[in-house]
Amino acid sequence: MDQSQKWTARKIRQSFLDFFEARKHDIVPSAPIVLKGDPTLMFTNAGMNQFKDYFLGNDTPKNTRVTDTQKCLRVSGKHNDLEEVGHDTYHHTMFEMLGNWSFGDYFKTEAIEWAWTLLTEVYGLDKDRLYVTVFEGDKEDELEKDQDSFNNWKKFTAEDRILNGNKKDNFWEMGASGPCGPSSEIHIDLRNDDERAKVDARTLVNMDHPQVVEIWNLVFIEFNRKADGSLEKLPAKHVDTGMGFERLCMALQGKQSNYDTDVFTPLIAKIENLSGIAYGKDEQQTIAIRVIADHVRAVAFAIADGQLPSNTGAGYVIRRILRRAIRYGFSYLNMKEAFIYQLVEILAEQMGEFFPEIQSQKQLVEKVIHEEENSFLRTLEQGLSRLDQIIAETDGKMVEGAKVFELYDTFGFPPDLTGLILSEQGYSYNQKGYDTEMTSQKERARSAGKLDTGDWVTLKDDEKEEFIGYDYTSAQVSITRYRKVVAKKKELYQLVFSLTPFYPEGGGQVGDKGLLHNDNEKIEIIDTKKEHGVIIHIAEKLPENLDAKFQAEVNTELRTDASYNHSATHLLHQALREVLGTHVEQKGSLVAPNHLRFDFSHFSKVTDEEIQQIEDLVNNRVQKNFSLEEFRNIPINKAQEMGAMMLFGEKYGDTVRAIKFGESIELCGGIHVGATGEIGLFKITHEGAVAAGIRRIEALTGATARKYVNEHIETLNTIKQELKNVKDLIAGINSLKDENSKLKKQIEELIREKAKGEKDVWVNNAIQKDGYTLIIQKTALDGGAVKDLLFQIKNENENIAAVIGVDMGDKAQIAVAFSDELAKEKGWHAGNMVKELAREIKGGGGGQPFFATAGGKDPAGIDKALEKAKTLL
Ligand code: ATP
Ligand code: MG
């Protein structure tokens with residue numbers, strides 16, 4: 001039997017989870033690929049991200065053993081594989097990481113034994129093809145060799161298959177700071193027997209050989225790396241393992257490349273079909289097909305998890321990945337029209353069973369990708385024409401680097417593509433000039449957005465900050481730790497309290513503001529946020545006495561206003577689904593004290609009637625005055641039974657809080673009104689598009705909504721007064737419009753008459769000379785009228801030469817017209833002549849042999865120009 005049929009990707013994934021479930025691990029879902037609430041990371045880049053709080057001791061897990069498959073994306077920050085992807089056969093942007101975890105439970109012995117058993121006994125991998133590495137120790141960090149791991153591996157494999165690894169390969173760190181520890185990797189040799197006999201695999205481990213690859217990394221977390229670079233021991237020891245799912249599939253399906261496994265073959269077949277280009281023939285085309293098959297996964301999953309392509313931050317990263325795919329298709333597969341969106345269907349079929357988000361958001365994902373493709377292809381076209389221009393402007397065969405940078409900067413036109421097109425035409429560009437521009441731009445960006453974070457200073461240990469903000473808006477607190485951060489050159493302090501009534505920004509709702517005070521001092525809290533489960537209060541200065549007790553007092557006015565908007569957002573969400581349909585899903589939300597904003601998936605404009613219906617539904621429920629029913633800490637499945645909606649891209653704990661007003665039930669951690677009547681009035685102020693398939697509604701509540709309505713009424717009243725208090729405003733405005741168009745017609749009539757009079761004057765004053773008629777005149781008519789008159793005269797008379805100077809007060813114009821006989825037979829050229837005359841009025845112009853005009857800024861020169869015309873003619 002073909003190995004790929006025996007070990008389908010599906011079965012490989014399931015067997016992993018089953019194996020660890022049998023060893024008392026809870027199977028948990030993958031966290032979203034797009035991260036929220038972690039300023040150090042945009043995307044999930046390893047299975048451990050979602051468990052960071054457990055390692056840091058900020059939170060305690062329900063079960064100390066879990067297992068999962070995690071969607072990872074390695075395209076930014078410390079782990080960035082983007083440039084490799086497609087060029088090699090085993091790095092992806094988005095990949096699944098299979099993992100098992102111990103949070104202060106088992107350690108090296110079990111982790112190593114289970115990894116070996118799973119690989120060799122369950123999956124049946126050949127022991128002779130496996131090699132492992134252990135950490136050799138590091139002087140700088142004062143760490144010794146990981147002898148424990150070595151001893152454990154010795155139970156299963158020969159000593160000479162256990163290799164030493166350095167800090168780079170065998171000391172795992174998530175980022176510049178955070179939990180870390182020594183790791184032990186498992187590598188597999190997939191080469192054929194010939195090659196294996198020739199070169200010892202040991203010399204190829206960790207040497208970027210495409211068939212000798214790392215498949216599994218077992219990390220033993222016992223340290224925390226601080227911002228100053230030093231290590232501190234964590235209170236407990238943890239296991240964090242990550243196995244590359246696609247690489248495991250390659251090994252088990254007997255393939256030489258991840259792209260030959262059933263994870264990718266359906267996508268590749270579709271690309272071959274759409275482009276008519278076969279995979280595996282031409283090197284460049286094969287790379288292009290791999291890039292596209294890989295990138296569509298990353299982009300589709302990011303969009304499904306709520307990250308739309310955009311111009312900043314995580315959205316920009318996604319946009320760049322998609323553009324990389326489009327460009328490879330454009331340059332190497334000759335795909336000049338959008339096509340990548342058509343792969344989403346295949347992806348949804350393939351992955352939808354395990355990752356339902358990709359199935360249920362299919363339509364949105366397709367739409368967004370399609371739109372992005374179209375717009376980038378347009379950009380590519382514009383860039384190409386600018387590039388033609390640049391080539392035309394270049395002396396020699398070397399294009400300035402700064403111009404290639406300009407293309408990149410203004411059109412997003414990638415330099416490698418520019419280089420490729422240039423080389424096709426025998427040109428190249430100055431790389432150094434390009435690099436210089438790039439470096440200075442990066443420098444500018446860095447100094448603009450720098451966030452410098454100091455280490456925490458702990459004042460009181462063992463106090464766990466409790467959030468009491470649902471029940472209290474004021475409480476006596478002490479400061480347990482603080483740190484200084486520098487953002488955009490401004491120094492701020494982040495404070496953590498023993499307990500807190502302050503609501504941290506989340507679920508769309510802005511963070512509370514307020515005061516921290518006692519008899520001696522008063523500190524303003526300007527914002528509240530949550531980081532890794534810890535509530536952080538932001539202040540512009542530190543209290544003098546950090547050890548004192550303080551009253552922490554929330555600004556209740558702002559918070560109450562925000563609560564109107566938050567509860568109204570729930571009612572709006574409910575109404576949207578009722579009026580537009582259940583395809584409506586929340587895609588973004590802002591709940592501020594003075595307004596609310598709600599983004600949702602929907603594929604056409606929300607009509608005025610629909611807006612009215614939605615607004616009415618919400619206001620009816622406001623009037624019904626539904627009381628708040630709050631369910632704190634209920635199990636998530638109980639909430640689902642009640643009918644609460646789960647959002648994709650949102651990470652929920654085992655227990656949740658549900659908020660119910662009438663029939664509206666949502667999982668929500670926000671602040672709400674006691675009964676919907678408090679909202680007072682709900683008013684939609686704006687509806688529009690934010691991206692393909694995403695609409696936005698903005699609305700007001702309470703006093704702000706009343707003010708908005710009143711201001712509009714006031715405007716109407718003013719208009720009414722201006723219209724002399726007409727009874728029917730609209731009829732009044734219509735009659736004004738009628739009157740206006742009547743007047744316009746009259747003016748046009750008057751001008752025509754005036755022009756006719758002028759024409760008679762011109763013809764009567766004409767000079768006859770050598771068989772032709774010369775008209776030289778100055779006028780105040782406008783340019784259009786002059787042109788009309790000249791053409792009339794030309795049609796009615798033969799052998800006419802006319803030069804008219806137009807005085808427009810602050811500007812001047814000259815028109816020259818010759819009859820066809822003069823222009824054709826005598827070779828007179830109105831365009832050339834007008835150029836000559838334009839100098840006198842300090843301007844320029846041109847045109848055809850029989851008619852031309854010029855504009856200038858000096859009316860005083862008109863007479864001189866006309867004199868000149870006389871002598872010329
Ligand atoms: P490599 O050296 O091959 O880049 P790594 O050291 O970056 O791997 P880890 O951070 O230890 O890898 O991640 C754990 C596992 O995830 C690896 O053993 C590998 O199987 C897989 N993996 C890592 N990066 C990728 C990627 N870009 N695409 C696919 N799988 C990956
Ligand atoms: Mg790597």
Side-chain angles (χ1 to χ4, degrees), residues 7 9-30 46-48 50-51 54-55 61-70 72 95-135 146-159 161-163 165 170 172 179 181-189 205 213-222 236-252:
W7 282 112
R10 217 178 136 252
K11 189 169 160 199
I12 294 170
R13 189 192 286 119
Q14 199 54 50
S15 305
F16 183 94
L17 300 174
D18 291 346
F19 179 87
F20 285 102
E21 189 175 40
R23 283 157 188 78
K24 300 205 168 63
H25 291 62
D26 277 353
I27 301 179
V28 302
S30 171
M48 62 84 70
Q50 67 161 319
F51 305 119
Y54 298 153
F55 297 130
K62 202 175 71 183
N63 186 347
T64 51
R65 297 180 183 191
V66 301
T67 181
D68 69 357
T69 181
Q70 173 65 50
C72 294
F95 64 98
E96 284 179 58
M97 198 185 279
L98 299 164
N100 58 292
W101 275 268
S102 150
F103 307 116
D105 188 332
Y106 62 84
F107 205 45
K108 296 177 185 174
T109 311
E110 294 84 344
I112 287 173
E113 182 196 326
W114 289 340
W116 189 262
T117 309
L118 175 62
L119 290 181
T120 59
E121 285 172 25
V122 178
Y123 289 137
L125 286 174
D126 185 354
K127 290 176 190 167
D128 285 347
R129 289 180 179 268
L130 297 178
Y131 296 83
V132 301
T133 63
V134 297
F135 179 51
D146 184 1
Q147 194 62 40
D148 280 352
S149 292
F150 183 84
N151 293 341
N152 274 303
W153 283 120
K154 246 179 22 184
K155 296 186 224 161
F156 308 106
T157 187
E159 268 184 42
R161 290 175 164 268
I162 311 172
L163 312 170
N170 284 75
W172 203 91
S183 69
S184 193
E185 307 157 341
I186 304 170
H187 295 254
I188 190 158
D189 180 2
V205 165
V213 295
E214 176 188 327
I215 50 170
W216 202 348
N217 195 359
L218 316 180
V219 182
F220 306 115
I221 294 187
E222 39 182 332
K237 292 177 178 168
H238 316 281
V239 173
D240 149 21
T241 86
M243 173 145 66
F245 171 64
E246 299 76 11
R247 293 186 192 177
L248 178 64
C249 290
M250 157 167 75
L252 285 175

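Remember, it's a predicted structure, so these values are computed and weren't measured experimentally. The analysis underlying the following values was restricted to heavy atoms, covering all of them including side chains, and did not include hydrogens, waters or symmetry mates.
Taking the six-membered ring where the residue is Trp, the centroids of Phe220 and Phe107 are separated by under 6.0 Å. For Trp114 and Tyr106, the gap between ring centers is short of 6.0 Å.
Atoms CD and CD, on Gln50 and Gln70 in that order, are 5.5 Å from each other to the nearest 0.5 Å. The CD1 atom of Ile186 sits 14.0 Å away from the OH atom of Tyr131 when rounded to the nearest 0.5 Å. Here the CG-CD1 distance, from Asn100 to Ile27, works out to 12.0 Å after rounding to the nearest 0.5 Å. To the nearest 0.5 Å, the span separating NZ on Lys108 from CG on Asn151 amounts to 10.0 Å. If you take OG on Ser149 and CD on Glu185, they are separated by 11.5 Å, rounding to the nearest 0.5 Å. Of the inter-residue distances, the one linking Phe135 atom CZ with Trp172 atom CH2 reads 15.0 Å to the nearest 0.5 angstrom.
Side chain of Ser183 to backbone of Leu218: no donor-acceptor contact under 3.5 angstrom is found. Although no hydrogens or angles enter the test, the distance criterion places no donor-acceptor pair under 3.5 Å between the side chain of Asp26 and the main chain of Val28. The backbone N or O of Val132 sits nowhere less than 3.5 Å from a side-chain atom of His187 that would complete a donor-acceptor pair. In this structure a side-chain-to-backbone donor-acceptor pair under 3.5 Å is missing from Glu96 to Glu246. Side chain of Arg13 to main chain of Phe245: no donor-acceptor pair is present (N/O by atom type, distance under 3.5 Å, no hydrogens or angles).
Within 6.0 Å of the NZ atom in Lys24, the count of heavy atoms belonging to other residues, nucleotides or ligands does not exceed 12. When the shell of 6.0 Å around NZ of Lys155 is examined, it contains more than 12 heavy atoms from other residues, nucleotides or ligands.
Val213 has its side chain within reach of Met250: a pair of non-hydrogen atoms, C-beta onward, lies under 4.5 Å apart. In this structure the side chain of Val205 never reaches within 4.5 angstrom of the side chain of Arg161, judged on heavy atoms. Within the 4.5 Å cutoff, the side chain of Trp116 has heavy atoms near those of the Leu130 side chain. Proximity of Trp216 to Arg247: side-chain heavy atoms (C-beta onward) are nowhere separated by under 4.5 Å. Annotation: side chain of Ser102 is not in contact with side chain of Lys237 (no heavy-atom distance under 4.5 Å). No side-chain heavy atom of His25 sits less than 4.5 Å from a side-chain heavy atom of Trp101. Looking at Thr157 and Ile162, their side chains come closer than 4.5 Å, going by heavy atoms from C-beta outward. Two residues are said to be in side-chain contact when any heavy atoms from C-beta on lie closer than 4.5 Å; Asp105 and Val239 fail this criterion.
When all heavy atoms of Asn217 and Ser184 are compared, the closest pair comes out as OD1-O, 3.5 Å. Pairing each heavy atom of Cys72 with each of Met97, the nearest pair is SG-CB, 3.8 Å. Minimum interatomic distance between Asp68 and Pro29 (heavy atoms only, all atoms of both residues): OD2-O, 4.2 Å. Nearest heavy atoms, Trp7 versus Val122: CZ2-O, 3.5 Å. Taking both residues in full, the closest heavy atoms of Ala236 and His238 are given as O-NE2, 3.2 Å, listed atom of the first, atom of the second, then distance. Across all non-hydrogen atoms, the minimal contact from Trp153 to Thr133 is NE1-O, 4.4 Å.
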Legend entry - Thr109/Asp148 under side-chain contact (heavy atoms from CB on, under 4.5 Å): CA gap, chis, key distance, verdict: CA-CA 8 Å; Thr109 311; Asp148 280 352; over 6 Å; no
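Ring geometry for Phe51 against Tyr54 counts as parallel: the plane angle stays under 30°, on a 0 to 90° scale with 60° as the upper cut.
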